[in-house]
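Comments concern the structure below.
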2 protein chains.
Amino acid sequence: MVKITDVARHAGVSPSTVSYALSGKRPISEETRRRVEDSIRELGYRPHAGARALASSRSNVLALVAPLRTGIHVPVVMQFAVSVVTTARRHDHDVLLLTQEEGEDGLRRVADTALVDALIVMDVQLHDPRLPLLRDLDRPSVLIGFPAEPDGMTCVDLDFRAAGERCVEHLARLGHRTVALVGSPPEVYVRRTAFAQRVVQGFTGAADRAGMASSVHPCEASPAAARRAAERLLREQPALTGVVVHNEAVLEPLIDAFEQLGLRVPGDLSVTAICPDELAASLRVPVTSVALPSAELGERAVGLLMRKLDAGGEPVPGATLLPPRLTERASTAPRAAPGA
Amino acid sequence: MVKITDVARHAGVSPSTVSYALSGKRPISEETRRRVEDSIRELGYRPHAGARALASSRSNVLALVAPLRTGIHVPVVMQFAVSVVTTARRHDHDVLLLTQEEGEDGLRRVADTALVDALIVMDVQLHDPRLPLLRDLDRPSVLIGFPAEPDGMTCVDLDFRAAGERCVEHLARLGHRTVALVGSPPEVYVRRTAFAQRVVQGFTGAADRAGMASSVHPCEASPAAARRAAERLLREQPALTGVVVHNEAVLEPLIDAFEQLGLRVPGDLSVTAICPDELAASLRVPVTSVALPSAELGERAVGLLMRKLDAGGEPVPGATLLPPRLTERASTAPRAAPGA
DNA sequence: TTGAAAGCGCTAACAC
DNA sequence: GTGTTAGCGCTTTCAA
């Protein structure tokens with residue numbers, strides 16, 4: 001194994017000069033830098049990660065805690081993970097993958113052993129048991145999602161409440177007066193996952209303010225459940241003309257079900273969704289949607305973490321709520337004249 | 001930060017004794033072990049990962065290279081990753097997540113810096129450019145998938161050729177004489193991904209041997225493409241009564257398309273798939289399938305890697321091909337009497 | 001069964 | 001602008 005002293009000897013400089021040439025933490029003459037770089041290349045030198053971590057107390061590794069529970073759309077998690085890894089690499093960091101099941105012990109372990117410098121935690125619950133722990137750790141962390149009491153934490157998320165509002169407003173503007181929200185599976189609400197609740201709040205609030213009739217329906221992630229939801233909606237709200245879907249897994253089967261029940265989308269029923277843009281755009285009837293910006297969330301999370309790791313940096317904002325972006329597609333249209 | 005010397009002092013022993021008590025690499029008297037363990041607990045001691053890695057030249061971290069290209073079913077990747085992380089933890093290892101995009105440089109980097117002890121590489125191509133590199137690294141690796149020339153490598157995969165055969169044999173036994181394979185998206189074949197090709201070989205070989213008429217149709221991962229494939233199949237093979245689907249994304253829409261074209265499953269058309277069991281079992285018409293055992297593959301891969309890391313261990317098998325397990329469900333039935 | 005001590009390869013304070 | 005050197009916290013010989 002080639003080590004820093006080998007490079008130093010080969011380049012005719014001291015080990016610290018090699019180290020500084022690599023880190024840029026002190027000025028090096030152009031001439032020396034070139035010699036060092038040549039030697040590094042020639043010898044194929046790679047600094048030993050463990051030695052580095054020990055000497056600098058920085059591992060340059062981030063922990064990512066990924067959720068794998070039911071009710072969470074897998075591609076979204078994956079896309080987010082990819083974005084985190086990619087962004088971390090741009091900042092010269094690697095990513096250690098932890099599963100939710102590892103739980104609080106896992107977080108404590110990777111932090112206390114100095115395996116990682118910082119942590120990203122996804123799928124935060126309203127009253128997440130990991131919060132006290134994260135506050136207690138001596139390493140910075142960023143949450144994807146908002147707990148009920150985010151004090152002292154750094155949180156990033158889509159503004160789900162605004163997203164719910166945005167969908168309703170869009171439908172209101174098109175003249176719809178009766179709307180329904182088809183939401184996440186019941187267990188997501190039972191766990192009191194923050195984002196699902198916020199969509200409901202935004203949806204209901206906006207509907208109330210606009211004087212619209214509204215209802216909310218959690219829905220399992222299966223085509224059969226979608227079908228049942230569709231039937232129930234039409235039965236309970238015969239005047240229904242606008243639907244907001246916050247459930248990736250049932251978006252397509254739900255539209256199918258509506259059409260099989262004799263309703264044209266968007267002719268009879270306008271549908272909007274909160275979901276990844278690729279999903280909304282790829283359906284048979286491209287769906288008007290508020291984007292779930294996984295990639296941007298990942299970038300933001302890593303960016304914030306990097307700022308927190310910068311000793312000298314100014315404090316980072318506690319809350320980053322990405323404003324909803326609604327893209328109009330083929331699934332929404334003005335309400336047909338009643339009786340027309 | 002509590003360090004090993006603090007524990008040693010507190011327990012009234014030497015640092016090496018603490019180290020050995022932790023690693024079990026030499027016998028410790030019951031009495032001493034208890035004292036050490038008490039001190040560790042009392043002080044909340046956690047060995048520093050970097051220091052450990054430096055002194056022992058073992059990081060206890062595995063690299064997992066996950067594919068994110070198009071044509072790969074995301075939930076399968078995710079399930080596999082989870083299984084790798086979970087199994088690795090059982091062996092006291094953590095998992096570093098690398099994206100395919102990092103490419104060969106990424107592999108070389110994490111190996112050469114001693115960030116990881118070993119590597120797991122998914123989505124191996126028939127002529128994978130990473131193979132020479134992996135052979136060259138001084139760290140063990142395991143491939144998920146089989147390259148054309150697996151010499152000297154350790155590979156794990158479902159026996160896709162046998163899986164293709166198994167599906168055809170099942171259909172043959174039910175009396176079907178004309179079969180079609182709806183396969184992965186074209187780009188998967190263009191990349192010459194090993195597993196996709198092998199299914200085709202198994203499928204075609206078994207059909208030929210049984211004297212069945214057969215055809216193969218790559219298919220994009222969209223409902224529209226599924227619909228087109230269904231129409232084309234019926235047009236080109238009017239006698240078709242058996243279909244094998246090796247494409248998670250289109251399994252459901254394909255069945256829908258067949259039924260909309262007036263064919264009952266399994267009445268007129270028997271359908272089998274190669275896909276995760278959960279997917280096959282969850283469809284409206286539960287599908288007879290050969291399971292894609294992501295979880296078991298992940299376990300196997302980690303298990304093999306651990307054996308390779310055991311200095312004293314005997315050599316591990318180069319090839320591990322999991323035999324196909326076919327589960328009969330509601331989508332296959334004996335061929336209806338012709339003209340009935 | 002235990003202890004002493006020499007590294008592991010790097011960083012960063014200190015000195016020039 | 002560069003060199004010297006003392007650690008970083010642990011593992012593992014070597015010695016008892």
Spacing of [X] atom [atom1] relative to [N] atom [atom2], expressed in whole Å:
{"X": "B:M1", "N": "D:dC8", "atom1": "CE", "atom2": "P", "result": "11 Å"}
{"X": "B:D112", "N": "C:dG9", "atom1": "CG", "atom2": "C1'", "result": "15 Å"}
{"X": "A:N60", "N": "C:dT11", "atom1": "CG", "atom2": "P", "result": "10 Å"}
{"X": "A:R58", "N": "D:dG9", "atom1": "CZ", "atom2": "C1'", "result": "18 Å"}
{"X": "A:H48", "N": "C:dG9", "atom1": "NE2", "atom2": "P", "result": "7 Å"}
{"X": "A:L54", "N": "D:dC8", "atom1": "CG", "atom2": "P", "result": "9 Å"}
{"X": "B:R52", "N": "C:dG9", "atom1": "CZ", "atom2": "P", "result": "18 Å"}
{"X": "A:L115", "N": "D:dG9", "atom1": "CG", "atom2": "P", "result": "16 Å"}

Would you call [X] and [Y] a salt bridge, using N to O less than 4.0 angstrom?
{"X": "B:D6", "Y": "B:R9", "value": "yes"}
{"X": "A:E102", "Y": "A:R109", "value": "yes"}
{"X": "A:E296", "Y": "A:R300", "value": "yes"}

Notebook entry, point to check: Does one side chain, of B:S16 or B:S19, offer a donor that lies under 3.5 Å from an acceptor on the other?
Noted result: no
Check: With distance as the sole test, does A:S294 use its side chain to make a donor-acceptor pair with the main-chain N or O of A:F80 at under 3.5 Å?
Finding: no
Margin query: For the backbone of A:D123 and the side chain of A:Q125, can you confirm whether one donor and one acceptor N or O come within less than 3.5 Å of each other?
Written below: yes
Note to self: With a cut-off of less than 4.0 Å, is there a side-chain N or O of A:K25 near OP1 or OP2 of C:dA12?
What the structure shows: yes
Margin query: Generate the contact string for nucleotides 1-7 of chain D. Rules: B means base contact, S means sugar-phosphate contact only, - means no protein heavy atom under 4.0 Å.
Written below: SBBB--B
